[in-house]
Participant: 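The structure that follows is given in the form of structure tokens.
Order of appearance sets the numbers: ligands from 1, and atoms from 1 within every ligand. What you are looking at is a predicted structure, and each value in this text was computed from that prediction instead of being measured.
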Amino acid sequence: MKYNCYLFDFDGTVADTGEGIRRSVAYALEKLGRPALGEDVLNRFIGPPLHDSFVTYAHMTDEEAEDAIRVYRERYVDVGLYESRVYPGMARLLRALHGRGAYVAIASAKPQFMLERVTEHFGLRDCFDAIVGTGLGRHSADKRDLLLAALPEGADRSRACMVGDRCFDIEAARALGMAAVGADFGYSLPGELAGAGADVVFSGVGEMSEWLLDGAMPRGLFVSLEGSDGCGKSTQIAMLRDWLEARGYEVTLSREPGGCPISERIREIILSLDSRGMSAECEALLYAASRVEHVREVIEPALKMGKIVICDRFLDSSIAYQAYGRELGEAFIRQINAPAVKAVTPDVTLLLEVDRAAARARMAQGAPLDRLELEKEDFFARVQRGYDRLAQAEPGRVVRIDASRSIGEVFAQVRSAVDAALGRLSESL
Ligand code: TYD
């Protein structure tokens, strides 16, 4: 790695906190009967100490600015703080730096307790060795003091770098003899970061990560979801994607059979009612063929780019439905799928379990049934046995989820399984 110590600014660098800050500043101005400010000016409030911004941009006295901060916080602490999202790819960068043994900390002019709350909220708290913000008192902390407080004791500053989106971050780093990396995807004005003396400036998290990690990008995480038809996978997949994206992960959603043009065409053949009478072997080979293409075209490239792939069904479906449901045996199914899975296997598989009666009732409310969904009950009983066997054989990978609970309760189980898998991934960096 380029450095052994990395300090990150928060607003506009780790997370896009603009919306919450803008709305809360606008709220304070309105409540105090001051003229509204345009979005460009509101953006200037992101990063530097609020007190200074109220004085400079809303032309307040010191006392008025303190009053404005009080009103701002009425809204910001409970609402505005969470109107933010971690920049896509940032979670992976932080985890990779921390996981590879670097010291990683936040140095921000935001109050300390807010930084702690928001990093906890986005699941990033454990990426940081230290979080340094300001107290709530009326002082506008000098960025240099924040950097000094965030550095570990006895740090070699020539091997430390500050990553930030405003000139204050860059200037403070330069003054302390640290490297300064500009995050141009935040709230800097054109030319601001280079002008302040940044060693290097990046317009995206991806290229910044490549540079900071010397091109050794960590592989992504492969999550598959399984379960009998009607178990509620689609709802959970959408919730999982939103949750991960808000936490700064890049997500690729896909499904099997399908996921890329050739495999989607194979899907049509497999599921069409016109294919009634298709032999079990032909069906199994078509699933395997669509999987080979899907892995090559979608899953492998996304994992190489460090993304989280969430796939609606994967090899386990073929084991449950074709090896057990169609009674073709595991050995045959594993053999025909070898070309697909030699490249990738899921890091974690969420098995959503509901009883058959509940699944049937859910399916009855949905779209018309496809060829497989029209199978007889004894077929589904065998599929269920297949899933049971998989869960018993690979308890480290296959996580059983009780999907008969409410959507929120099911999602809590999904979240904790994915969180655990992300934790394992960080340890292996
Ligand atoms: P789909 O409409 O995607 O069903 P669901 O919403 O339940 O996931 O249809 C996929 C069907 O294909 C489903 O009945 C399971 C079956 N299937 C197999 O039999 N083998 C496989 O390898 C895969 C991926 C799916």
Side-chain angles (χ1 to χ4, degrees), residues 222-238 240 253-260 262-276 278-295 298-299 309-330 332-341 344-346 349-356 358-387 389-390 398 401 403 410:
F222 184 11
V223 182
S224 66
L225 280 91
E226 295 283 349
S228 59
D229 306 69
C231 66
K233 274 187 282 98
S234 318
T235 309
Q236 296 297 325
I237 287 173
L240 182 59
L253 280 195
S254 205
R255 66 166 181 181
E256 290 209 338
C260 60
I262 291 177
S263 308
E264 286 292 331
R265 265 149 56 206
I266 299 176
R267 176 189 174 93
E268 279 171 30
I269 299 174
I270 306 177
L271 297 181
S272 162
L273 295 182
D274 294 341
S275 304
R276 262 192 279 221
M278 176 189 284
S279 70
E281 286 81 0
C282 175
E283 180 185 286
L285 287 160
L286 286 174
Y287 278 117
S290 82
R291 183 161 298 127
V292 173
E293 206 60 19
H294 183 215
V295 166
V298 177
I299 301 181
V309 175
I310 305 177
C311 194
D312 185 348
R313 300 191 179 278
F314 194 65
L315 173 66
D316 300 302
S317 282
S318 282
I319 303 287
Y321 284 75
Q322 280 69 51
Y324 286 85
R326 301 282 189 225
E327 302 183 291
L328 291 175
E330 266 198 61
F332 173 62
I333 297 303
R334 290 202 185 274
Q335 190 193 352
I336 61 175
N337 279 282
V341 301
V344 294
T345 49
T349 297
L350 311 172
L351 175 55
L352 272 61
E353 300 186 299
V354 281
D355 66 50
R356 266 313 286 162
R360 285 232 162 246
R362 284 187 197 178
M363 274 158 58
Q365 295 165 4
L369 303 186
D370 61 42
R371 190 174 63 85
L372 272 96
E373 287 165 343
L374 288 168
E375 280 297 329
K376 303 260 167 359
E377 278 309 305
D378 56 343
F379 172 81
F380 287 107
R382 289 196 298 275
V383 169
Q384 187 51 53
R385 266 210 306 286
Y387 276 132
R389 269 201 44 96
L390 283 166
V398 182
I401 306 277
V410 175

Participant: Could you grab the distance from atom OH of Tyr287 to atom CD1 of Ile333, nearest 0.5 Å is fine?
Facilitator: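 The distance works out to 11.0 Å.
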Participant: Select all protein residues for which some heavy-atom-to-ligand 1 distance is less than 4.0 Å, and list them by chain and number.
Facilitator: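 Ligand 1 is contacted, at a heavy-atom distance under 4.0 Å, by Asp229, Lys233, Glu256, Pro257, Arg267, Leu271, Tyr287, Arg291, Asp312, Arg313, Ser317, Ser318, Tyr321, Gln322, Asp370, Leu372.
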Participant: How many angstroms lie between atom CZ of Arg291 and atom CG of Leu286, to the nearest 0.5 angstrom?
Facilitator: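 Rounded to the nearest 0.5 Å, the CZ-CG separation comes out at 11.5 Å.
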Participant: For the residue pair Ser318 and Arg313, confirm or rule out a side-chain donor-acceptor distance under 3.5 Å.
Facilitator: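 No, no side-chain donor-acceptor contact under 3.5 Å.
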Participant: At what distance, to the nearest 0.5 angstrom, does OH of Tyr387 lie from OG1 of Thr349?
Facilitator: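 Going from OH on Tyr387 over to OG1 on Thr349, the span is 9.5 Å.
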Participant: My understanding is that only residues two or more places apart in sequence, or in another chain, count here; which of them pass ring-ring contact (aromatic ring centres under 6.0 Å, His included) with Phe222?
Facilitator: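 ring-ring contact (aromatic ring centres under 6.0 Å, His included) list for Phe222, sorted by chain: Phe314.
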Participant: Atom CG of Asp274 and atom CZ of Arg276: how far apart are they, to the nearest 0.5 Å?
Facilitator: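 These two atoms lie 8.5 Å from each other.
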